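Take a look at the structure below.
As the structure is a prediction and not an experimental result, all values here were calculated from the model. Position 1 is the first residue of the sequence, and the numbers go up from there.
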Amino acid sequence: MHAPPTAPRTRALGFAALAVAMLMSVPTAQTAFGEEAKAVPGGGDLGPNVHVFDPSTPDIQGKVDEIFKKQESAQFGLDRHALMFKPGTYDDINAQIGFYTQIAGLGLNPNDTTFNGDVTVDAGWFDGNATQNFWRSAENLTLNPVSGTNRWAVSQAAPFRRMHVKGGLNLAPDGYGWASGGYIADSRIDGEVGPYSQQQWYTRDSSVGGWVNGVWNMTFSGVEGAPANSFPEPPYTTLETTPISREKPFLHLDGDDYKVFVPEKRENARGVSWANGTPAGESIPLDQFYVVKEGADAATINAAVEQGLHLLFTPGVYHIDETINIDRADTVALGLGLATIIPDNGVTAIKVGDVDGVKLAGLLVDAGPVNSETLIEVGPENASADHAANPTSLQDVFVRIGGAGPGKATTSIVVNSDDTIIDHTWVWRADHGEGWGWETNRADYGVRVNGDDVLATGLFVEHFNKYDVEWYGERGRTIFFQNEKAYDAPNQEAIQNGDTKGYAAYRVDDSVEQHEGWGMGSYCYYNVDPTIIQEHGFKAPVKPGVKFHSLIVVSLGGNGQYEHVINDVGSPTSGTETVPSQVVNFP
């Protein structure tokens with residue numbers, strides 16, 4: 001898909017022509033050359049890939065099934081869909097959710113939109129293995145599951161947000177096959193949550209009626225009903241509150257008018273944000289958004305931001321040949337249906353200025369075949385402004401290098417701005433699909449944090465050629481980290497890091513004085529050369545202000561080994577069994 005040319009521009013008009021133009025009330029924007037161009041309009045329809053239902057819509061089940069049939073196994077397909085349900089009650093619904101599909105209610109409160117039925121993810125398409133159930137979401141609905149328990153068998157990049165389940169929640173596929181997720185936020189599950197075969201999971205600012213088990217790493221912050229902290233056996237890491245959080249913006253209806261609700265920041269949060277009815281925050285009318293549709297180019301998107309509009313990306317795939325620049329405080333850039341941005345010609349996809357309160361949410365950035373030095377930058381180099389009162393946030397912002405085709409990027413996400421919140425991201429160098437291989441989808445670094453006081457809640461970063469995460473900023477905090485080292489390293493020499501065997505999954509620079517992490521795991525599966533030795537999963541300076549809680553490394557089936565967990569601390573993984581090595585606290 002190629003982007004169309006930018007909006008047409010006309011030369012400065014003579015007096016008579018200008019008078020006619022004024023009478024026609026055509027909005028204009030002055031250009032640098034004294035020309036005038038049509039202003040980018042706000043609002044409008046949501047395009048063909050947003051499917052809106054109300055309780056009277058005929059054959060809802062048939063339409064939902066039709067989309068699922070297309071998307072069930074379309075792991076690297078181009079279709080994107082958002083299923084949006086107006087407030088009301090829907091009977092006898094089983095909405096099965098496939099790839100690149102978002103399902104959401106359009107009320108201000110999850111209880112405004114109720115299914116007497118289920119929102120289901122299973123793994124029949126992959127022989128009962130849920131480890132590739134990526135890129136989908138459920139948001140802002142209340143479920144009365146038919147059997148009393150809803151099934152949501154997912155792995156990375158599949159958030160379950162602002163959901164109310166009046167029953168239990170099963171996170172495993174039918175048959176209890178493998179699963180490698182996942183993320184719940186701002187949700188209430190009245191019954192028990194059963195992760196069963198899920199290897200790891202993070203739950204934030206929610207309420208659960210109980211939690212059944214854990215495999216390697218189950219982490220909770222601000223969750224009412226969460227199990228007590230007990231790592232490593234059972235492997236529960238539990239924080240009473242989340243230090244700072246701000247829920248993801250979402251589309252809703254106010255009467256017949258679409259708006260985007262932007263929740264307020266919470267401090268030391270515990271439980272859902274909507275317990276008392278309408279959550280705290282503001283609603284922004286749709287006419288203050290540029291509704292981006294397939295075929296839009298970066299020049300028009302940037303013009304809209306400069307004009308003062310927010311961005312609402314409708315479900316689709318967007319090729320851009322220049323960077324999307326967001327340099328205005330409080331700008332919302334929200335994607336529906338896993339809207340996907342592909343940078344052409346090696347450009348950076350998105351750059352955010354060193355300004356307050358930008359919200360990036362619901363976007364997938366897919367690297368192009370020409371190497372990009374970076375894919376997302378938050379703040380310019382040496383950013384220094386204080387954003388503690390109103391931080392920028394990234395929520396359900398995912399990055400992919402390869403898999404859908406060749407892609408390259410030196411560093412995926414760079415965070416320079418202080419106080420940034422990274423709330424649920426999966427940054428993934430592909431290990432399957434098309435266009436992958438040790439050099440084919442070369443990507444040395446996943447996430448680099450230079451800003452101070454940055455908080456990551458739900459950090460999933462996998463398979464990079466060198467460091468998956470590097471942290472240079474002071475007072476950084478990570479609550480839950482999930483990592484796999486790159487499977488496809490051809491030999492020990494390919495990963496050698498000077499005198500060190502391999503690059504740590506998570507490295508805190510020696511210059512850092514204060515850093516803290518909770519519930520963090522790194523796993524290796526060097527299946528090309530199972531003799532590869534990884535010296536450690538984590539590396540950090542030994543200083544009083546640098547602290548880690550509940551660390552784990554795992555060698556999957558003995559394909560490669562870790563010598564230590566962090567630095568030279570922790571016993572090695574050994575043998576051919578999947579036996580984790582754990583360090584409860586460091587130092």
Side-chain angles (χ1 to χ4, degrees), residues 6-7 25-31 36-47 49-50 52 82 84 86-87 102 104-109 112 139-140 162 246-265 273 278-316 318 320 324-337 339 341 350-353 355-363 387 389-397:
T6 56
S25 300
V26 177
T28 60
Q30 195 72 22
T31 72
E36 289 176 345
K38 290 182 179 180
V40 179
D45 68 88
L46 299 176
N49 298 325
V50 175
V52 180
M84 298 290 181
K86 294 181 180 181
Q102 173 191 17
L106 286 169
L108 263 180
N109 187 297
D112 293 340
E139 304 177 49
N140 208 29
R162 293 178 55 79
R246 182 173 59 207
E247 299 305 330
K248 177 186 172 187
F250 60 92
L251 188 70
H252 74 99
L253 277 171
D254 182 1
D256 294 327
D257 298 325
Y258 286 106
K259 296 182 177 180
V260 172
F261 188 81
V262 182
E264 286 186 359
K265 185 186 77 168
S273 67
T278 302
E282 66 165 330
S283 283
I284 304 174
L286 193 64
D287 63 9
Q288 294 182 31
F289 284 79
Y290 171 41
V291 180
V292 192
K293 297 174 185 174
E294 282 193 302
D297 61 7
T300 306
I301 294 169
N302 285 332
V305 174
E306 292 170 5
Q307 188 179 303
L309 293 174
H310 304 278
L311 302 173
L312 183 70
F313 289 84
T314 63
Y318 300 87
I320 58 169
I324 296 172
N325 288 296
I326 301 175
D327 199 21
R328 192 184 76 247
D330 297 313
T331 301
V332 177
L334 174 63
L336 304 178
I341 299 170
I350 301 171
K351 289 186 179 181
V352 177
V355 296
D356 276 356
V358 173
K359 292 92 177 172
L360 300 182
L363 295 168
H387 305 293
N390 185 13
T392 284
S393 55
L394 286 70
Q395 299 182 287
D396 303 345
V397 173

- For Pro391 against Arg246, the heavy-atom pair lying closest together: O-NH2, 2.6 Å
- Task: With sequence neighbours excluded, tell me which residues meet side-chain hydrogen bond (donor to acceptor under 3.5 Å, both in side chains) with Lys265.
- Result: Glu267
- Query: What is the minimum heavy-atom distance between Pro249 and Lys359, and which atoms define it?
  - Reply: CG-CB, 4.1 Å
- Message: Show every ring-ring contact (aromatic ring centres under 6.0 Å, His included) that has at least one partner inside residues 291-315, sequence neighbours left out.
- Response: Phe289-His310, Phe313-Tyr318
- Query: Any sub-3.5 Å donor-acceptor pair from Asn140's side-chain atoms to Gly107's backbone N or O?
  - Reply: yes
- Which heavy-atom pair separates Leu108 from Arg162 by the least distance, and what is that distance? O-NH2, 2.8 Å
- Task: Quick one: closest heavy-atom pair of Val355 and Thr392, and the distance?
- Result: O-OG1, 3.5 Å
Output a table of donor-acceptor pairs, distance under 3.5 Å, between side-chain atoms of residues 325-332 and any protein atom two or more places apart or on a different chain; print 'none' if there are none.
from   : atom 1 : to     : atom 2 : distance (Å)
Asn325 : ND2    : Thr323 : O      : 3.4
Arg328 : NH1    : Val305 : O      : 2.4
Arg328 : NH1    : Leu309 : O      : 3.4
Arg328 : NH2    : Gly308 : O      : 3.4
Arg328 : NH2    : Leu309 : O      : 3.1
Arg328 : NH2    : Thr331 : OG1    : 3.2
Asp330 : OD1    : Asn390 : ND2    : 2.8
Thr331 : OG1    : Arg328 : O      : 2.7

- Where Leu286 and Leu46 come nearest, the two heavy atoms and their spacing: CD2-CD2, 4.1 Å
- Would you give the length of the straight line joining atom CG of Asp287 to atom NZ of Lys259, rounded to the nearest 0.5 angstrom? 9.5 Å
- Query: Any donor and acceptor pair, going by atom type alone, linking the side chain of Gln307 with main-chain N or O of Ala39 inside 3.5 Å?
  - Reply: no
- Query: If you measure from NZ on Lys351 to CD1 on Ile324, what distance do you get to the nearest 0.5 Å?
  - Reply: 12.5 Å
- Note on the structure: Rounded to the nearest 0.5 angstrom, the CZ-OG distance for Phe250 and Ser283 is 7.0 Å
- Message: Looking at every heavy atom in both Tyr290 and Pro41, which two are closest together, and how far apart are they?
- Response: CD1-O, 3.9 Å
- Query: Of Val292, Leu336, Val50, which meets side-chain contact (heavy atoms from CB on, under 4.5 Å) against Leu312?
  - Reply: Leu336
